[in-house]
Amino acid sequence: MSFETAIVLLNVVVGVVILSFILFRVVNLRRNPEVRPPMNVAPGMPDETLEGRKLERVLGWALLFTIILAVALPVYFLFEPNREATASQTFLQQSIHRGATLFANTQSKSYDATTSLLCANCHGVHGEGGSTPYTLQPEADICQIKKNQSNPNLPECLPQQVIWQAPALNTALLRYSSDELAQIITYGRPGTPMPSWGVASGKGVLGDQSIQDIVNFIQSIQISPKQAQQESNQAVVQFKQQAVEFVTSTQGSLTTAEQTLAQDQAKNASAATISADQTSISQLQAELSSAQANNTQVQGLSEGALLFRVNCARCHTKNWSFEDPTKLGQPGPAPQGSGAFGPPLTDGSTLLQFPGNTGRTEQIQWVTVGVPANMPYGTRGISSGRMPHFGNLLSAQQIAAIVDYERSL
Ligand code: HEC
Ligand code: HEC
């Protein structure tokens, strides 16, 4: 039983005792009416009685209660700051708990079928990042005409299924302030699988308190900057490995396809089977050579170029967020830095925004810590508070490498 419950119980017991006493007195007096005259007309006590032991007793009680008050009040104020801290700690814990439930999916401990919003389905059960299927609508003008939309002769006008990468959120507060995070959750990312969740966006259902609950939950799952740095270095290694693995796996499929062809030829299979085998071999050969070309390119990238692909391209290069890892060997998306959610960085545009050597220093500063929303940066920039900042994730030397790469685009 907690201290609070004990105090409440004690009060209840005292209350019950007082009530029963009053009840007992009333019932008792009714049953055995006293034959004394009523108190107000009865003669008072004589002075000897009043000023004797009776007075001492009353004064004694008064002294006792004064002492209790004199001790209790300072003690109460002594404990007040602690009580306040415990209360706000408890509020925070409750808020994190509600946030965890909102974030959860069926694999999470905090899952609740009626309130959970399944953020974890896309962002991972522990906010470690994940992915989600998404249907891209064709963009070309000819595809806007209704009859072209289901025309099998115009494959570019068919909706395209992709796997969109959902960023890790266990580093979100190393990159964004908590206000910026609340903003992202409220308004979502139009044109991506990330929905708007806040009532303020006109599409979501969450009030400010619930958004804050989620932010508090995300805060509670943040990894340390040191761990985040290790993971971001790891991501670069993985990026290079993926390119190698794609070559190996395509090579594997090609060998299997060649064996199938050999077997089918040995079995004297039909001409149709043989020709199907040959088609898939030539497709795989094409895939292999583009995978090899991609791998050569990836292995030859400068540090800045690699770090840009891993950390920045999802916002600054069109179609990079949903590049399918199994298609790493395919011709890549738009040119690096083409612009997507973030502005284009190509054709020396960062040289215009951040001119000269002073500009380069400012650009490094921008990528490292940025400026708060609505504050100016560079020559003509105004921050919207939507660009994450990387001082906690990348070393100064890595950021300088990315900036020099950007300035070469
Ligand atoms: C259907 C999948 C999906 C769901 C559900 C989802 N998200 Fe997202 N979220 C994404 C994707 C994809 C992105 C990245 C969009 C982009 O490429 O810019 C994203 C981006 C974000 C970002 C920005 C992260 C960054 O580093 O830029 C935050 C924060 C976020 N989501 C929080 C949430 C929260 C909180 C919920 C639940 C209330 C949620 N998301 C539910 C798919 C989802
Ligand atoms: C979540 C998306 C996102 C990511 C990831 C991101 N940026 Fe940005 N970036 C933006 C947005 C949005 C802007 C526009 C400024 C604003 O809205 O505050 C921007 C602006 C910039 C600018 C200024 C461009 C100009 O001409 O005004 C530079 C430079 C830049 N980003 C570099 C980077 C680098 C380097 C990285 C990776 C280390 C990166 N960004 C990662 C969204 C992103």
Side-chain angles (χ1 to χ4, degrees), residues 99 102-105 116-124 127 129-134 162-176 180-198 204-206 210-211 213-215 217-218 232 304 307-317 319-322 337 339-346 348-354 359 362-368 370-391 393-394 398-399 401-407 409:
L102 290 173
F103 189 87
N105 70 356
S116 291
L117 299 172
L118 312 180
C119 314
N121 274 356
C122 298
H123 291 283
S131 59
T132 177
Y134 189 66
V162 295
I163 302 290
W164 200 297
Q165 303 299 318
L169 300 184
N170 60 8
T171 56
L173 284 154
L174 298 175
R175 294 179 279 120
Y176 295 106
E180 287 168 353
L181 198 61
Q183 178 88 354
I184 299 173
I185 301 172
T186 306
Y187 293 95
R189 289 260 169 83
T192 83
M194 172 68 184
S196 329
W197 297 99
V205 294
L206 297 183
S210 302
I211 303 267
D213 290 343
I214 299 181
V215 171
F217 167 69
I218 293 180
S232 102
L307 287 166
F308 183 86
R309 281 160 176 74
V310 173
N311 295 288
C312 324
R314 72 180 167 95
C315 290
H316 286 287
T317 301
N319 297 354
W320 188 267
S321 326
F322 50 82
F341 177 62
L345 306 171
T346 45
S349 70
T350 58
L351 297 175
L352 298 176
Q353 184 70 284
F354 302 100
E362 203 197 329
Q363 190 175 345
I364 290 178
Q365 184 69 6
W366 164 256
V367 177
T368 311
V371 296
N374 303 321
M375 299 303 278
Y377 69 86
T379 319
R380 294 292 301 271
I382 296 214
S383 166
S384 69
R386 287 180 303 188
M387 154 106 180
H389 296 285
F390 291 86
L393 259 69
L394 302 172
Q398 286 174 320
I399 292 180
I402 301 182
V403 165
D404 288 333
Y405 171 71
E406 282 179 338
R407 293 171 82 79
L409 286 173

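These numbers come from the heavy atoms of this one structure, side chains and all, not from hydrogens, waters or symmetry mates. Read the numbers this way: they start at 1 and go in the same order the structure lists the ligands and their atoms.
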| task | Let me see the working for R175 and L393 under side chain to side chain contact (heavy atoms under 4.5 Å, CB included), right down to the final yes or no. | result | CA-CA 8 Å; R175 294 179 279 120; L393 259 69; 3.9 Å; yes

pair [X]-[Y]: side-chain heavy atoms closer than 4.5 Å:
X: M387; Y: W366; answer: yes
X: I185; Y: I218; answer: yes
X: N311; Y: L394; answer: yes

Could you tell me which atoms of ligand 2, counted from 1 in the order shown, lie closer than 4.0 angstrom to a heavy atom of [X]?
X: C312; answer: 34 (C), 35 (C), 36 (C), 37 (C), 38 (C), 39 (C), 41 (C)
X: Q353; answer: 25 (C), 26 (O), 27 (O)
X: Y377; answer: 15 (C), 23 (C), 25 (C), 27 (O)
X: G385; answer: 18 (O)
X: I402; answer: 35 (C), 38 (C)
X: L345; answer: 24 (C), 28 (C)
X: Q363; answer: 29 (C)

Nitrogen or oxygen contacts under 3.5 Å, ligand 1 side and protein side:
from     : atom 1 : to   : atom 2 : distance (Å)
ligand 1 : 7 (N)  : H123 : NE2    : 2.9
ligand 1 : 9 (N)  : H123 : NE2    : 2.8
ligand 1 : 17 (O) : W164 : NE1    : 2.9
ligand 1 : 18 (O) : R189 : NH1    : 2.8
ligand 1 : 26 (O) : R175 : NH1    : 2.6
ligand 1 : 26 (O) : R175 : NH2    : 3.3
ligand 1 : 26 (O) : R314 : NH2    : 3.0
ligand 1 : 27 (O) : Y176 : OH     : 2.9
ligand 1 : 27 (O) : R189 : NH1    : 3.4
ligand 1 : 27 (O) : R189 : NH2    : 3.1
ligand 1 : 27 (O) : R314 : NH1    : 3.3
ligand 1 : 27 (O) : R314 : NH2    : 3.4
ligand 1 : 31 (N) : H123 : NE2    : 2.8
ligand 1 : 40 (N) : H123 : NE2    : 2.8

Here the pair of heavy atoms bringing F217 nearest to G99 is CB-C, 3.7 Å

Note: A120 and A104 closest approach over all heavy atoms is CB-C, 4.2 Å

*Can the positive tip of R407 be found less than 6.0 Å from the middle of the six-membered ring of F354, inside 45° of the ring normal?*
no

Counting heavy atoms under 4.0 Å, the part of W366 that contacts ligand 2 is side chain

Going by the 4.0 angstrom heavy-atom rule, the piece of L307 near ligand 2 is neither

For atom 8 (Fe) of ligand 2, does an N/O/S atom of H316 lie at less than 2.8 Å?
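Yes, H316 qualifies, because one of its backbone or side-chain N, O or S atoms lies under 2.8 Å.
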
Side chain of S210, backbone of L206: donor and acceptor closer than 3.5 Å?
no

Test item: T346 side-chain N/O and L409 main-chain N/O as donor-acceptor pair under 3.5 Å:
no

Worksheet item: With a 4.0 Å cut-off on heavy atoms, does F308 reach ligand 2?
Response: no

ask   = Does ligand 2 have an atom under 4.0 Å from some heavy atom of P343?
value = yes

Pair I402, C312 - check side chain to side chain contact (heavy atoms under 4.5 Å, CB included), show working. CA-CA 9 Å; I402 301 182; C312 324; 4.1 Å; yes

Matching residue for F103 among L169, L117, L118 - test: side chain to side chain contact (heavy atoms under 4.5 Å, CB included)
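Between F103 and the candidates, side chain to side chain contact (heavy atoms under 4.5 Å, CB included) is satisfied uniquely by L169.
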
Applying side chain to side chain donor-acceptor pair (under 3.5 Å), which residue pairs with at least one partner in residues 371-385 are found, sequence neighbours left out?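 Those involving residues 371-385 are S384-R386.
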
